[in-house]
Peer 1: 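The structure is given below, and queries will be raised subsequently.
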Amino acid sequence: MRIVVLAGGIGGARFLRGLKSAVPDAEITVIGNTGDDIHLFGLKVCPDLDTVMYTLGGGIHEDQGWGRAGETFAVKEELAAYGVGPEWFGLGDRDFATHIVRTQMIGAGYPLSAVTEALCARWQPGVRLLPMSDDRVETHVLIDDPEGAEGTRKAVHFQEYWVRLRASVPAHAIVPVGADQAKPAPGVLEAIAAADVVLFPPSNPVVSVGTILGVPGIREAVAGSSAPVIGLSPIVGGAPVRGMADKVLEAVGVEATAAAVARHYGSGLIDGWLVDSVDADAVDEVEAAGIRCRAVPLMMTDLEATAAMAREALALAEEVRA
Ligand code: GDP
Ligand code: CA
């Protein structure tokens, strides 16, 4: 079975671990979000690709969900001693090595897709990990400018909004800078065309899955795919399970409920949608929107619970196909 998964960071990575356990023989292609990418200290950092790679490769800091296990921060401390920031983005020493290798390869002329493949040769994630695009796309968030005159706004990098500001200020718009000029990375459209199933894991619908779908050609390929497209809700009981997805949903005018996210994707894109058991009330509303819907446990508390979610998604895909 060929499965394509459009993944962000933590939600995507944890789901993928369950999916691999549920269907060990499946050929899984992950299309990763690169809209979170940021250049820091002259290095190219790809937080979502690395979260998937480290999680599936056994290098992740489990409790945190991002970054390396057994990390130290000597380089960060030394940079801070020189007064060189930003101090709000936590890059550890082990993690730095990944970004150095990546930046060096890009400098030598390799596209991000080839670099990601090279990094994965070490981590052996057991999936084919493709960046959504080799072209630079950077999500920016439009916020009020505290230094400007009344009513002036400014765009900040997504990481500044998310990590430094903790999404605590109103987001007026989410702008994936460069997306309109970006092309899907080699293999992305081919993987979607060859897929038996396309899955949206419980990743952020706006700044993870939404950004991937914003690369011209990807949304069209998924919508036009003959394979069932099944999503799992990252919103449970009217709130994100972790993080601040409600803030970016609000910015695009979508309520933070499992049903509203399904309608946001729409029946033209997804065929099936899983909501958590606590949101069983939402099933009728989603089905009325033309999307097959089931309520099942959606908390990724451990590997078995996550594998069960993956099995439910694949069962719904079979139901849609029939
Ligand atoms: P990020 O790039 O690290 O923010 O990660 P993703 O975009 O892949 O996923 C973030 C989303 O995962 C958040 O909106 C969370 O609500 C969701 N999430 C995290 N853990 C769980 C879980 O156990 N169950 C469900 N249903 N969603 C989860
Ligand atoms: Ca992310």
Peer 1: Is there a side chain to side chain contact (heavy atoms under 4.5 Å, CB included) between Val23 and Leu19 once you walk through the steps?
Peer 2: CA-CA 6 Å; Val23 279; Leu19 179 66; 3.8 Å; yes
Peer 1: Relative to each other, are the rings of Phe96 and His99 parallel, tilted or perpendicular (30° and 60° limits)?
Peer 2: perpendicular
Peer 1: In this structure, which one of Ser208, Pro202, Pro201 forms a side-chain contact (heavy atoms from CB on, under 4.5 Å) with Pro234?
Peer 2: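 Testing Pro234 for a side-chain contact (heavy atoms from CB on, under 4.5 Å) against Ser208, Pro202, Pro201 leaves exactly one candidate, Pro202.
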Peer 1: Answer yes or no: is there an ion pair linking Arg321 with Glu318, defined by an N-O contact shorter than 4.0 Å?
Peer 2: yes
Peer 1: Under a 4.0 Å threshold between the charged nitrogen and the carboxylate oxygen, would Glu190 count as salt-bridged to Arg128?
Peer 2: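 So Arg128 does not pair with Glu190 through a salt bridge.
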Peer 1: Using a 6.0 Å cut-off, check whether atom CD of Glu117 has over 12 heavy atoms from anything other than its own residue.
Peer 2: no
Peer 1: I'd like to check Ile291 versus Tyr265 (side-chain heavy atoms, cut-off strictly below 4.5 Å). Are they in contact?
Peer 2: no
Peer 1: Looking at Glu312 and Arg294, is any side-chain nitrogen of the basic one under 4.0 Å from a carboxylate oxygen of the acidic one?
Peer 2: no
Peer 1: Can you tell me how far the CG atom of Leu232 sits from the CG atom of Leu274, to the nearest 0.5 Å?
Peer 2: 4.5 Å
Peer 1: I'd like to know whether Arg164 forms a side chain to side chain contact (heavy atoms under 4.5 Å, CB included) with Val156, so could you lay out the CA-CA distance, the side-chain angles of the two residues, the decisive distance to 0.1 Å, and finally the verdict.
Peer 2: CA-CA 11 Å; Arg164 185 171 83 83; Val156 296; over 6 Å; no
Peer 1: Got Val197 and Met1 here, is their nearest side-chain heavy-atom distance under 4.5 Å?
Peer 2: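 The answer is yes, as the side chains (C-beta and beyond) meet within the 4.5 Å cut-off.
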Peer 1: Answer yes or no: is there a side-chain heavy-atom contact under 4.5 Å between Leu130 and Thr116?
Peer 2: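 SC-SC contact between Leu130 and Thr116 ruled out.
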Peer 1: Let me check something: do Val296 and Val5 share a hydrophobic cluster, defined by ILVMFWY side-chain heavy atoms less than 4.5 Å apart, either directly or through other members?
Peer 2: yes
Peer 1: With no hydrogens and no angle check, just 3.5 Å: does a side-chain donor-acceptor pair link Thr72 and Asp93?
Peer 2: yes
Peer 1: Taking all non-hydrogen atoms of both residues, which atom of Asp246 and which atom of Ala256 are closest, and how far apart?
Peer 2: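 Residues Asp246 and Ala256, closest heavy atoms: CB-CB, 3.7 Å.
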Peer 1: Using the rule given for side chain to side chain contact (heavy atoms under 4.5 Å, CB included), can you reason through Val222 versus Arg219, listing the C-alpha separation, both sets of side-chain angles and the distance that settles it, and then say yes or no?
Peer 2: CA-CA 5 Å; Val222 172; Arg219 176 186 295 274; 5.9 Å; no
Peer 1: Side chains of His172 and Arg153: closer than 4.5 Å at any heavy-atom pair?
Peer 2: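 Side-chain contact under 4.5 Å: yes.
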Peer 1: For Ile38, does its backbone N or O pair with a side-chain atom of Glu138 as donor and acceptor, under 3.5 Å?
Peer 2: no
Peer 1: Indicate yes or no: at least one non-hydrogen side-chain atom of Trp123 is less than 4.5 angstrom from one of Leu56.
Peer 2: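 No. Closest side-chain heavy atoms not under 4.5 Å.
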Peer 1: Please determine whether the number of non-hydrogen atoms from other residues, nucleotides or ligands lying under 6.0 Å from atom CD of Gln104 exceeds 12.
Peer 2: no
Peer 1: Output the distance between atom OG1 (Thr306) and atom CE (Met299), rounded to the nearest 0.5 Å.
Peer 2: 10.0 Å
Peer 1: Does the pair Lys183/Asp135 count as a salt bridge with the N-to-O cut at 4.0 Å?
Peer 2: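 Result for this pair is yes, salt bridge flagged.
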Peer 1: Near Glu250 CD, under 6.0 Å, is it more than 12 heavy atoms from other residues, nucleotides or ligands?
Peer 2: no
Peer 1: Report yes or no: does Glu71 contribute a side-chain atom to a donor-acceptor pair with the main-chain N or O of Asp95 at less than 3.5 Å?
Peer 2: yes
Peer 1: Kindly work out whether a path of hydrophobic side-chain contacts (I/L/V/M/F/W/Y, heavy atoms less than 4.5 Å apart) joins Tyr54 to Val30.
Peer 2: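 In one cluster with Tyr54: Val30, yes.
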Peer 1: Using 0.5 Å steps for rounding, measure from the NZ atom of Lys20 to the CZ atom of Phe15.
Peer 2: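 Lys20 atom NZ to Phe15 atom CZ measures 13.0 Å (nearest 0.5 Å).
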Peer 1: Donor-acceptor check, side chain of Asn204 to backbone of Val207, threshold 3.5 angstrom: yes or no?
Peer 2: yes
Peer 1: Which heavy atom in Ile235 sits nearest to a heavy atom in Ala245, and how many Å separate them?
Peer 2: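 Scanning both residues, the minimum pair turns out to be CD1-CB, 4.5 Å.
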Peer 1: Return yes when atom OH of Tyr110 has more than 12 non-hydrogen atoms of other residues, nucleotides or ligands closer than 6.0 Å, and no otherwise.
Peer 2: no
Peer 1: I need the Ser203 OG to Leu16 CG distance, nearest 0.5 Å.
Peer 2: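 Going from the OG atom of Ser203 to the CG atom of Leu16 covers 8.0 Å.
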Peer 1: Under a single-linkage definition using a 4.5 Å side-chain heavy-atom cutoff for Ile, Leu, Val, Met, Phe, Trp and Tyr, are Val52 and Ile10 assigned to the same hydrophobic cluster?
Peer 2: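 Val52 does not cluster with Ile10.
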Peer 1: Does any part of the side chain of Val188, heavy atoms only, come nearer than 4.5 Å to the side chain of Ile192, both counted from C-beta?
Peer 2: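 Counting from C-beta outward, Ile192 and Val188 do come under 4.5 Å.
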Peer 1: To the nearest 0.5 Å, what is the distance between CZ (Arg2) and OG1 (Thr29)?
Peer 2: 9.5 Å
Peer 1: Are Leu91 and Lys76 close enough that some pair of their side-chain heavy atoms sits under 4.5 Å apart?
Peer 2: no
Peer 1: After noting the C-alpha distance and the side-chain angles of Thr139 and Tyr161, does the key distance pass the side chain to side chain contact (heavy atoms under 4.5 Å, CB included) rule?
Peer 2: CA-CA 10 Å; Thr139 304; Tyr161 168 76; over 6 Å; no
Peer 1: Among Leu213, Thr211, Leu199, find the residue that satisfies the side-chain contact (heavy atoms from CB on, under 4.5 Å) test when tested with Leu6.
Peer 2: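 Only one of Leu213, Thr211, Leu199 forms a side-chain contact (heavy atoms from CB on, under 4.5 Å) with Leu6, namely Leu213.
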Peer 1: With a 4.5 Å limit on heavy-atom distance, are the side chains of Pro86 and Leu40 in contact?
Peer 2: yes
Peer 1: In a check of salt bridge (Lys or Arg N to Asp or Glu O under 4.0 Å) between Asp37 and each of Arg136, Arg102, Lys44, which one passes?
Peer 2: Lys44
Peer 1: So for atom CD, which belongs to Glu27, do other residues, nucleotides or ligands contribute more than 12 heavy atoms lying within a distance under 6.0 Å?
Peer 2: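 Counting other residues, nucleotides and ligands, CD of Glu27 stays at 12 neighbours or fewer.
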Peer 1: Would you say Asp271's side chain and Val229's backbone share a donor-acceptor pair under 3.5 angstrom?
Peer 2: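 Side chain of Asp271 to backbone of Val229: a pair is present.
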Peer 1: Hey, what do you get for CG (Asp279) to OG (Ser233), rounding to the nearest 0.5 Å?
Peer 2: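 So the CG of Asp279 and the OG of Ser233 are separated by 6.5 Å.
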Peer 1: I need the minimum non-hydrogen distance between Ile212 and Ile31, along with the two atoms involved.
Peer 2: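 Here Ile212 and Ile31 meet closest at CD1-O, 3.4 Å.
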Peer 1: So, are Glu285 and Arg263 salt-bridged, with charged N and O less than 4.0 Å apart?
Peer 2: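 Here Glu285 pairs with Arg263 in a salt bridge, since their nearest N and O are under 4.0 Å apart.
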